[in-house]
Number of protein chains: 2
Amino acid sequence: MSTKALRKEEEDNLLRRADDVCRQNNLRLTPIRERVYRELVQSGGPVGAYDLVDRLSNEKKRLAPVTIYRALDFLRDAGLVHRLATQNSYVISHGQPDMNAMKIMFVDAKTGETVEVHSSEVAEAVRKAAEQAGFKSVSPFMEVEGEIAQ
Amino acid sequence: MSTKALRKEEEDNLLRRADDVCRQNNLRLTPIRERVYRELVQSGGPVGAYDLVDRLSNEKKRLAPVTIYRALDFLRDAGLVHRLATQNSYVISHGQPDMNAMKIMFVDAKTGETVEVHSSEVAEAVRKAAEQAGFKSVSPFMEVEGEIAQ
DNA sequence: TACAACACGTTATTACATAATATTTCGCTC
DNA sequence: GAGCGAAATATTATGTAATAACGTGTTGTA
């Protein structure tokens with residue numbers, strides 16, 4: 001099987017999963033929301049909000065930034081998309097939602113390329129640190145800048 | 001000793017330390033840079049760049065945003081200030097620079113209040129995760145959103 | 001059908017950040 | 001202390017990110 005076919009399959013999986021998540025939580029994956037999600041999936045990496053505006057607009061219809069932001073907010077609330085604060089951009093959240101694991105987005109400081117890793121070990125260590133800081137709960141997402149190997 | 005006096009003392013310590021760090025690394029803590037640093041120290045929390053513009057300007061002289069950004073860049077490079085990407089703001093970096101510890105900024109999702117904690121345990125766990133992600137080095141800073149107790 | 005909640009469109013505004021370029025200040029040498 | 005080069009700061013302009021405010025349409029439901 002070709003790499004392309006593999007990726008296509010992976011894309012379909014993500015789309016299907018998004019559909020399931022929404023169905024199970026009584027959320028409406030409207031056309032615009034799905035188009036935004038699909039665009040993020042196909043890009044394979046972080047994409048800026050205004051970039052999404054351009055990509056989902058055409059000659060006939062130009063989407064307003066706020067439309068994209070609303071779709072992104074929805075997808076984030078649904079746990080399907082994660083915002084990269086350091087890059088002002090948005091990426092698909094991969095992987096099965098393991099409640100006990102921390103979802104770490106490693107971001108290459110130079111290229112902006114991202115790799116997502118789940119770690120319950122980090123989750124536990126962060127929980128301890130949070131307690132020390134007087135925090136009772138922490139986000140299951142975090143973002144760490146670094147340098148990718150080669 | 002009063003709380004106020006304690007805080008004053010803490011402020012002086014930070015200022016002194018900033019001075020030392022710069023001296024030891026042949027960096028110039030110019031008036032503007034020091035004013036920016038001092039303002040961050042005195043605020044006791046995260047401050048936005050444009051907020052700093054306002055606070056450090058007066059009737060006679062209005063500083064340009066780029067002036068503040070340059071000072072902030074300098075202070076960040078020197079390891080004295082940390083940028084909170086989730087808040088688009090900047091905070092003092094406390095504590096002695098322990099190379100092996102991760103500096104974690106816990107940010108209250110509601111108020112934006114921050115607490116800094118250093119943890120070598122988190123550092124180690126993140127290093128492992130980074131390796132898994134194909135990253136050869138990671139920033140010693142990270143930011144985690146959460147909910148502060150009470 | 002009517003109504004309530006949600007989604008989307010439109011317009012405008014605010015905030016954040018940097019590019020390009022000019023001017024001042026600092027530290028040094030003669 | 002006059003002149004020079006480098007660093008720091010000022011000025012202006014522009015680009016990008018995000019949200020506010022308000023109106024209209026759509027959907028699900030009693």
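The basis for the numbers below is simple: all heavy atoms, side chains too, and nothing from hydrogens, waters or symmetry mates.
- Taking for each of B:N88 and B:K61 the nucleotide of DNA chain D with the nearest heavy atom, the 5'-most of the two is the partner of B:K61.
- Across the protein-nucleic acid pair, A:L63 atom CG and D:dA17 atom P stand 16 Å apart, rounded to whole Å.
- Taking only side-chain nitrogens and oxygens, A:Y69 never comes nearer than 4.0 Å to OP1 or OP2 of D:dT19.
- Put simply, CD on B:E34 is 15 Å from P on D:dA8, counting in whole angstrom units.
- In this structure, CG of A:D54 is placed 13 Å from C1' of D:dA17, rounded to the nearest angstrom.
- The CG-P distance, from B:L72 to C:dC16, rounds to 12 Å in whole Å.
- In terms of phosphate contacts, B:T67 brings no side-chain nitrogen or oxygen within less than 4.0 Å of OP1 or OP2 of D:dT9.
- When the P atom of C:dC26 is taken as reference, atom CG of B:N26 falls 18 Å away, rounded to whole Å.
- Close to D:dT9, at under 4.0 Å from its OP1 or OP2, lies a side-chain N or O of B:T30.
- With contacts defined as side-chain heavy-atom distances shorter than 4.5 Å, the pair A:D12/A:E9 does not qualify.
- Here the nucleotide nearest the side chain of A:A64, chosen from C:dA19, C:dA17, C:dT11, is C:dT11.
- Rounded to an integer number of Å, the gap from A:I68 CD1 to D:dT19 C1' is 15 Å.
- When the side-chain nitrogen and oxygen atoms of B:R83 are compared with OP1 and OP2 of C:dA17, one or more of them lie within a distance under 4.0 Å.
- A close approach under 4.0 Å does not occur between any side-chain nitrogen or oxygen of A:R70 and OP1 or OP2 of C:dC6.
- Using a distance-only test at 3.5 Å, with no hydrogens or angles considered, a donor-acceptor pair links the side chain of B:S57 to the main chain of B:V53.
- Both B:D73 and B:R28 sit near DNA chain C, but only B:D73 has its closest nucleotide nearer the 5' end.
- For D:dA8, the OP1/OP2 oxygens have a side-chain nitrogen or oxygen of B:R33 closer than 4.0 Å.
- B:R17 has no carboxylate O lying under 4.0 Å from a charged side-chain N of B:D20, or vice versa, which leaves the two without a salt bridge.
- Residue A:Y90 is in sugar-phosphate contact alone, with no base atom involved, counting any heavy-atom pair closer than 4.0 Å across all strands shown.
- Looking at the side chain of A:Y50, the nearest of the listed nucleotides D:dT9, C:dT11, D:dA18 is D:dA18.
- Nucleotide C:dC6 holds its P atom 18 Å from the CD1 atom of A:I32, rounded to whole Å.
- Atom-to-atom distance recorded for A:R35:CZ and A:L40:CG is 12.5 Å, nearest 0.5 angstrom.
- Note: A:F141 and A:H82 have parallel aromatic rings, judged against thresholds of 30 and 60 degrees for the angle between ring planes.
- At whole-Å resolution of the value, CZ in B:R62 and C1' in D:dT11 are 13 Å apart.
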